[in-house]
Amino acid sequence: MAEQADNPNGPYGLMEKIVALCKRRGFIWQSSEIYGGLNGFWDYGPLGVELKRNVKQAWWEDTVRRRDDIVGLDAAIIMNPNVWEASGHLSGFNDPRVDCKETKHRYRADQLGVIYAYDVPEGEDGPTQAELHFAYVQDNAESFINALKKARKYAKKVGLRHFNDTPPTLPFLSAEFEGRLDYVVGPDVDVPGTLTEPRQFNLMFPTYVGALADEDAKAYLRPETAQGIFCNFKNVLDTQRLKLPFGIAQLGKAFRNEINPRNYTFRSREFEQMEIEFFCRPEEADQWYEYWRDLRYQWYVDHGLVSDKLRLRDHEPDELAHYARACADVEYAFPFGVSELEGIANRTDYDLKAHQEHSGRDMSYFDDELWAEKASEFAADKFDGDKKAAKQAAAEAKSKAPYRFVPHVIEPSGGVDRATLAFLCEAYTEDEQPNDKGEMQQRVVMKLHPRLAPTKVAVFPLVKRDGMPATARKIHDACRSAGLASFYDEKGAVGRRYRRQDEAGTPFCVTVDGQTGEDGTVTVRDRDTLDQQRIAADAVVDYVRAHTGGRMAEHIA
RNA sequence: GCGGGCGUAGCUCAGUGGUAGAGCGUCACGUUGCCAACGUGAAUGUCGUGAGUUCGAAUCUCAUCGCCCGCUCCA
C-alpha cells in the first residue's frame, strides 16, 4: 500500500479518487447537498453509516464492554455554560485576532504589546500621547527590539523628550489604542495603519436554551465530550462501586466552529468523538499514560492501519498545552498530509480541580482500602492512649494524600470521523485481476478490516434459475438472523456483482450454483485474494461470523 | 479570514454567445454456469444559486454558496 503515496496521479489525485468512490457507493455525502451544501458538515450514506457504526462499536466493545475498569456514559451535548468557563474553552475559544493588511500576518491580539510613545511638552504637567506607537509580539525578543528601534528612530525624528531605553509598554488590547489603530505601527511593517481591529474568533457554537433568545439563555454546543465525563465523575464514583484506577468512556457528537474546515471530513464543524478519561493515582499516571498511548496505537493497527502511514508521535515538551504533562498523537499519513487521529494526554488533575474550584463541589477520591490498611497507625495506643489526639490525627490524615486526593487523568481522545476516513484511505486499493478472458484489468477494492466492513457477506445465485435464487435467499436470511450484515443480489453477471462488492469492501461473497442442489455446498469468494472454496451451505453463518465478527486485538488481556 | 483555481447527468469530464454532449455507471428485456461479458432499448440536467449585459448566456459581468490548493488556524 505504501506505493500509493507515489501514485502517478499524485496524492491529491488519490484523495479525489477516494472521495469519488465514497460518493458513488454511498459512504459519505456533503450535508444538505441539494441546497449547495454547508461547509464543514457531512452525511454518512447507507454504507458509510454501517462503517462508522462498526468503528464506534469496535471501540465501545474494546474499551467498555470487554473491560472491568471502564464504564460508559452518554452526557448531554448542551451543558451549563459555566462548564466551559471552568474548562477554559470560553476564553480559549475567544482569542481575538489581528491581521496585518500589508504582510498578511495574523497575530493573537492578546499576545501583542505596544511601545507607548509619549511626550512631555514644556509647561504641561503630565505626559501627552504621541502620534505613533509601535506594536511587537510579546515573548519575542527580536520583535520587541525591532519595535524599539523603530520607536527610537521616531522619537528622534519628532523630538520626543524623556524617551529612553525603557519606554512604557501597554497591551495591544488597551483602551488607549481603541479606534486609534491608524497610529499603531505593526510588528513587521514600518508604516502605521496596517493592523485590522481585533476580531473575535469564536470557535464555540452558541445556542439559546428556552424560547426566548436573550443573553441570559445563551449556551453552547459542546466542543468536546470530555467535560461531560468530568462533570459526572462524582456521580459515577458514588454509584458504581469503582476503585481507582478506573475510566469513563463516551462516544458522541461535538461541535467546533472551525475557521477553515477542509480535507473532506477530516476537519468538520460537527464531528464525533470517542473519549476515555482514565482516573488514577498521581504516582501511577506516567505508567498509565504509556499504557494507553501504546494500547490506542495498537487498536488502529489491529483494525487495518498496518502500513507505515500510521505513526505514534510523542509531543515535544514545548508543544504541550499548559494542562498536559505528556501527550502523544496517533497520526496517519492521509493523501493530503500527516494528521492526528487521536491524542493521548496526561492531563494531571487539571480538569477535576478546575471543576472543583468553579462548581464548589468536592472532586476528591478517598482510598478506603489504603485507609483500612493504615488505620491501626492512628489507634489510641499509638498516641499514648490519648483518644482525642488519635482521632484528630486520623481526621487530619484522612483529609489529604495518600488517603484523599484529586485523581490524575489520562485522556485518550479520538475522532470517529477521522478514524473512519483513515480506514477508508488505507482500504482504497487498485490492483489488477484477470477478466473472464484472462486479460488483466484494473480493479478497485476497499480492503476494509472485516470487523469494520459495512457488509459482511453478499449472497448470490450464480444464475437466476434452477431454484438458485430461493436457496441463496435462504442463506441470506440465515445470515441476517444471525446478526450479520448480509446483502442479496441476483441481477446481472456474477462477475459484476463480485466487483461491486469489492468497492463496498464486502469481505466475502457466497454463491449458490448448480452443485449446491447436488451436495449442499456453496462457494465462498475472498475479497482480497479472489480465492474460492466450497463449504456447506449451512456452514456459511459460522464461517462468516468466524472471519468477521471477532476481535483481532489479542493484546487486550 | 487572505490569495489562486474550479463548479455541466449518479461518477469522470468535453462543450468560449446561437438546438445540452461523451465515456463509465444505473434500469429493463434477451443472452449469460464464477470475476467490471454481449446485444437491444431506456431513464437521468434548476449547466451550483441569484442578479445583470444581450435579440439570445453553460459561455461575458457582479454577488453569493460549495469544493480544491497555498497561507492562516488547530484551545
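Here the structure is a predicted model, which is why all the values come from computation and not from measurement. Within every chain, numbering begins at 1; the chains are lettered A, B, ... in the order of the sequence lines, protein sequences first and strands thereafter.
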(message) Let's test this: given Watson-Crick or G-U wobble pairing with both distances under 3.5 Å, identify the partner of B:C73.
(response) none

(request) Test for a donor-acceptor pair under 3.5 Å between the base of B:A36 and the side chain of A:Gln501, counting only N and O atoms. (result) no

(message) Rounded to whole Å, please give me the gap between CZ in A:Arg465 and C1' in B:G33.
(response) 7 Å

(request) For the pair A:Arg325 and A:Asp286, find out whether any cationic side-chain nitrogen is under 4.0 Å from an anionic carboxylate oxygen. (result) no

(message) Is the phosphate of B:C67 approached by A:Asn39 (side-chain N or O, under 4.0 Å from OP1 or OP2)?
(response) yes

(request) Please state whether the phosphate of B:U26, meaning OP1 or OP2, lies under 4.0 angstrom from any side-chain nitrogen or oxygen of A:Lys491. (result) no

(message) Only pairs with both distances under 3.5 Å count, Watson-Crick or wobble alike; so what is the partner of B:C60 in this structure?
(response) B:G52

(request) Choose from B:C11, B:U26, B:C69 the nucleotide whose nearest atom is closest to any side-chain atom of A:Arg24. (result) B:C11

(message) Between A:Gln30 and B:G66, is there a contact of a side-chain N or O with OP1 or OP2 at under 4.0 Å?
(response) no

(request) Please state how far atom CD1 in A:Ile28 lies from atom P in B:G66, giving the value in whole angstrom units. (result) 19 Å

(request) Ignoring the backbone of A:Ala20, work out which of B:A36, B:A28, B:U12 is nearest its side chain. (result) B:U12

(message) Looking at B:C6, which nucleotide sits across from it as a Watson-Crick or G-U wobble partner, both distances under 3.5 angstrom, or is there none?
(response) B:G66

(request) Tell me the partner of B:U31, counting only Watson-Crick (N1-N3 plus N6-O4 or O6-N4) or G-U wobble (N1-O2 and O6-N3) with both under 3.5 Å; none if nothing fits. (result) none

(request) Please state whether the base of B:C74 and the side chain of A:Arg267 form at least one donor-acceptor pair under 3.5 Å? (result) yes

(request) Please state how far atom CG in A:Leu203 lies from atom C1' in B:C73, giving the value in whole angstrom units. (result) 8 Å

(request) Using heavy atoms to find the nearest nucleotide of RNA chain B for A:Asp513 and A:Arg418 separately, return the residue whose nucleotide is more 5′. (result) A:Asp513

(request) Can you figure out which of B:G25, B:C34, B:G66 approaches the side chain of A:Arg500 most closely? (result) B:G25

(request) Could you tell me whether A:Arg545 and A:Asp542 make a salt bridge, using a distance below 4.0 angstrom between a side-chain N and a carboxylate O? (result) yes

(request) Can you spot which of A:Glu270, A:Glu224, A:Glu275 makes a salt bridge (Lys or Arg N to Asp or Glu O under 4.0 Å) with A:Lys253? (result) A:Glu270

(message) Under the ring pair (Phe, Tyr, Trp, His ring centres under 6.0 Å) definition, can you give me all pairs with a residue in residues 489-535 of chain A, not counting sequence neighbours?
(response) A:Phe460-A:Tyr498, A:Phe508-A:Tyr543, A:Phe508-A:His547

(message) Please evaluate residues A:Thr516 and A:Asp513 with respect to the criterion side chain to side chain donor-acceptor pair (under 3.5 Å), reporting the C-alpha separation (whole Å), side-chain torsions for both, the decisive distance (0.1 Å), and the verdict.
(response) CA-CA 5 Å; A:Thr516 308; A:Asp513 56 17; 3.2 Å; yes

(request) To the nearest Å, give me how far apart NZ (A:Lys23) and C1' (B:A9) are. (result) 13 Å

(request) Identify which nucleotide among B:A36, B:C34, B:A37 has an atom closest to any side-chain atom of A:Glu503, counting heavy atoms from C-beta outward. (result) B:A36

(request) Answer yes or no: does a side-chain N or O of A:Arg497 lie under 4.0 Å from OP1 or OP2 of B:A37? (result) no

(request) Quickly work out the A:Leu38 CG to B:C65 P distance and round it to whole Å. (result) 11 Å

(message) Between the base of B:C34 and the side chain of A:Gln532, is there a donor and acceptor pair under 3.5 angstrom?
(response) yes

(message) Taking any heavy-atom pair under 4.0 Å as a contact, classify A:Tyr264: base, sugar-phosphate, or nothing.
(response) sugar-phosphate

(request) Describe the nucleic acid contact of A:Asp531 in one word from base, sugar-phosphate, nothing, applying a heavy-atom distance below 4.0 Å. (result) nothing

(message) Any strand counts, and the cut-off is 3.5 Å on both contacts for Watson-Crick or G-U wobble. Which nucleotide pairs with B:C47?
(response) none

(request) Could you tell me the separation between the NZ atom of A:Lys17 and the P atom of B:G25, rounded to a whole number of Å? (result) 17 Å

(message) I'd like the P distance from B:C55 over to B:G5, given in whole Å.
(response) 30 Å

(message) Please tell me whether A:Tyr264 and A:Phe266 form a close aromatic pair, meaning their ring centres lie under 6.0 Å apart.
(response) no

(message) Could you report the tightest heavy-atom contact between A:Ser32 and A:Asp43, atom names first, then the distance?
(response) N-OD2, 3.7 Å

(request) Remember a base hit wins even if backbone is also touched, and classify A:Glu340 as base, sugar-phosphate or nothing at under 4.0 Å, heavy atoms. (result) nothing

(request) Send over the distance from A:Lys464 NZ to B:U31 C1', rounded to a whole Å. (result) 12 Å

(request) Calculate the interatomic distance between A:Leu14 atom CG and B:C69 atom P; express it in whole Å. (result) 12 Å

(message) Using OP1 and OP2 only, check whether a side-chain N or O of A:Arg262 sits under 4.0 Å from B:C67.
(response) no

(request) Using a 4.0 Å heavy-atom cut-off across all strands, classify A:Arg443 as base, sugar-phosphate, or nothing. (result) nothing

(message) With a 4.0 Å cutoff (strictly under), does any side-chain N or O of A:Asn263 reach OP1 or OP2 of B:C69?
(response) yes

